[in-house]
Amino acid sequence: MIDLVQLRRDPETVKKSLARRGVSATTLDELISADVTHRSLMLVAENLRAQIKDLSRQVGEARRSKDSATADELALRSRELGDDERRAHETAEAAGIDVRNLLLDLPNLPSPDAPEGRDETHNVELRQWWPGMDDGQPFPSFGEHQRVAHWDSAKELGILDLETGAKLAGSMFPLYRGDGSRLIRALGAFALNAHADEYEEIRPPTFALTETMTSTGHLPKNSIEMYAIERDDLWAIPTAEVPLTSMLRGEIIDEQRLPIKMTALTACFRREAGAAGRDTRGVLRVHEFDKVELFAYCTPEQAQACFDDVLARAEGLLRALGLAYRVLDLCCGDLGTSAKRTFDLEVFSPGVDRWLEVSSVSWFGDFQARRANVRYRSSGAAPTLVHTVNGSALAWSRIWIAIIENYRNQDGSITIPSVLRPFFNGRELLRAQN
RNA sequence: GGAGGGAUGACAGAGCGGCCGAAUGUACCGGUCUUGAAAACCGGCGUGGCGAAAGCCACCGUGGGUUCAAAUCCCACUCCCUCCGCCA
């Protein structure tokens with residue numbers, strides 16, 4: 001949620017900033033006038049309320065001094081005002097809901113540093129990295145044995161069973177088996193271990209209440225993207241960002257505690273409505289996948305350092321896994337609703353012959369904190385909204401693809417990246433199993 | 001699932017339907033005293049909205065209701081605690 005006070009004080013700046021992401025000035029003018037209406041209606045209602053309270057106070061005084069004639073008369077007047085007050089209050093409240101709805105619809109102001117652009121074609125590639133690059137080697141050229149899509153090679157190895165997954169939960173719910181399953185587990189454990197030095201490990205609930213989803217901004221807008229368990233008013237989380245952002249909802253944090261850094265490995269659920277058919281072969285796009293998330297609540301001053309740290313950790317994992325990747329600076333038009341700045345990490349996978357998004361690192365400013373009402377206080381000062389930063393490190397279903405495809409050998413076996421071998425009892429190869 | 005108890009400011013903990021936005025204690029901030037600290041004493045100390053300010057309004061788990069007037073009465077719900085049952 002953007003800052004309404006800022007919009008009031010400096011509408012031009014807000015308009016200019018949001019125009020970069022395609023929000024029209026008319027939309028903002030609408031909000032501004034709704035806000036004016038709301039405030040004037042509120043003033044009317046509050047004045048009536050003040051009069052009623054004053055009269056009621058006088059009734060009490062009259063009663064105490066046994067002047068019941070005056071008391072009755074005052075009570076009657078107050079009662080008459082009551083009907084007006086109720087109506088005024090309802091009108092004002094409705095106007096307030098209008099304002100809130102308009103406000104909830106608006107995306108965050110992009111960072112001044114975010115590149116211009118309407119859609120993903122305008123994203124800026126900042127850099128690439130690949131194994132051996134630091135020693136002057138060129139981008140890897142891949143052999144024919146690596147040009148095999150994972151849906152073929154993994155099936156051959158017996159580590160991915162999409163048919164059985166579909167039998168259990170429908171299409172796009174993958175079932176990994178044997179070493180395929182173990183590889184997923186290894187990746188999650190590897191990442192959590194890597195982050196545990198500075199980030200508190202959290203294992204949150206996989207489901208969240210409507211109230212929680214709303215405070216993170218996932219509801220009401222994105223409801224078709226999420227799985228719901230209506231009977232219990234629960235939603236399957238699309239990312240650990242949801243529970244982590246809400247952990248300190250409504251609280252005022254002592255500045256000394258910031259930054260608060262957390263990491264969590266959870267399943268993530270996405271309905272991918274409308275995505276069927278495109279880029280969905282194998283496990284390119286699935287309804288359920290595991291992801292390790294990094295998250296920080298921080299002061300505005302700490303935000304840049306936190307952002308850099310999350311990005312560095314995500315990149316660090318990719319380097320440790322020996323996978324070629326690139327970093328994209330998302331343009332204004334491609335930013336998620338809540339983000340001010342986002343860097344995506346994409347890994348190259350030769351079998352499907354494309355870059356796969358495996359991480360998204362975002363700085364949200366106080367946008368999420370305003371809705372979730374998370375603030376901090378530095379000694380004596382008024383509470384201030386925190387900033388939030390988060391990023392995946394990493395989303396495993398696509399890393400899994402990249403490993404299966406990049407590390408495929410001529411005989412069809414897969415070389416296990418060295419950092420993962422401890423999770424395979426030291427084994428180096430992943431072979432066909434029966 | 002059954003029975004009972006509870007939910008008030010950072011924490012603890014009062015609060016006959018009417019000067020209660022809320023006693024008191026602790027913590028915290030400022031000051032006096034002190035070489036310094038502690039103690040003692042004095043003062044301050046919730047959040048949000050509107051407003052230039054004075055001030056007004058809202059908030060005592062949540063949502064309704066009764067009343068001229070609700071933290072206080074009524075109803076529903078949520079959460080927590082204790083006991084019983086069931087069970088990874």
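Per chain, numbering begins at 1; letters A, B, ... match sequence-line order.
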*asked:* On RNA chain B, compare the nucleotides closest to Glu61(A) and Gln51(A); which residue's is nearer the 5' end?
replied: Glu61(A)
*Mind calculating the distance between CG (Asp72(A)) and C1' (U67(B)) to the nearest angstrom?*
14 Å
*Check: Tyr227(A) ring centroid to His287(A) ring centroid under 6.0 Å*: yes
*Identity of whatever pairs with U78(B) - Watson-Crick or G-U, under 3.5 angstrom*: A7(B)
*Between the side-chain atoms of Glu46(A) and the base atoms of G49(B), is any donor-acceptor pair under 3.5 Å?*
yes
*asked:* So Ser78(A), base contact, sugar-phosphate only, or nothing? Heavy-atom distance under 4.0 Å.
replied: sugar-phosphate
*Which nucleotide in the list C50(B), A69(B), U47(B) gets nearest to the side chain of Ile52(A)?*
A69(B)
*Ion pair present between Arg257(A) and Asp254(A), side-chain N to carboxylate O less than 4.0 angstrom?*
no
_Under 3.5 Å on both distances, the Watson-Crick or G-U partner of U34(B)_ = none
*Mark yes or no: Arg182(A) above the aromatic ring of Phe424(A), with NZ or CZ under 6.0 Å from the six-membered ring centre and no more than 45 degrees from the axis.*
yes
*Which nucleotide, C56(B), C50(B), U66(B), lies nearest any side-chain atom of Met42(A)?*
C50(B)
*Is Arg39(A) touching bases, backbone alone, or none of the nucleic acid, heavy atoms closer than 4.0 Å?*
sugar-phosphate
*What is the nucleic acid contact for Arg77(A), judged by heavy atoms within less than 4.0 Å: base, sugar-phosphate only, or nothing?*
nothing
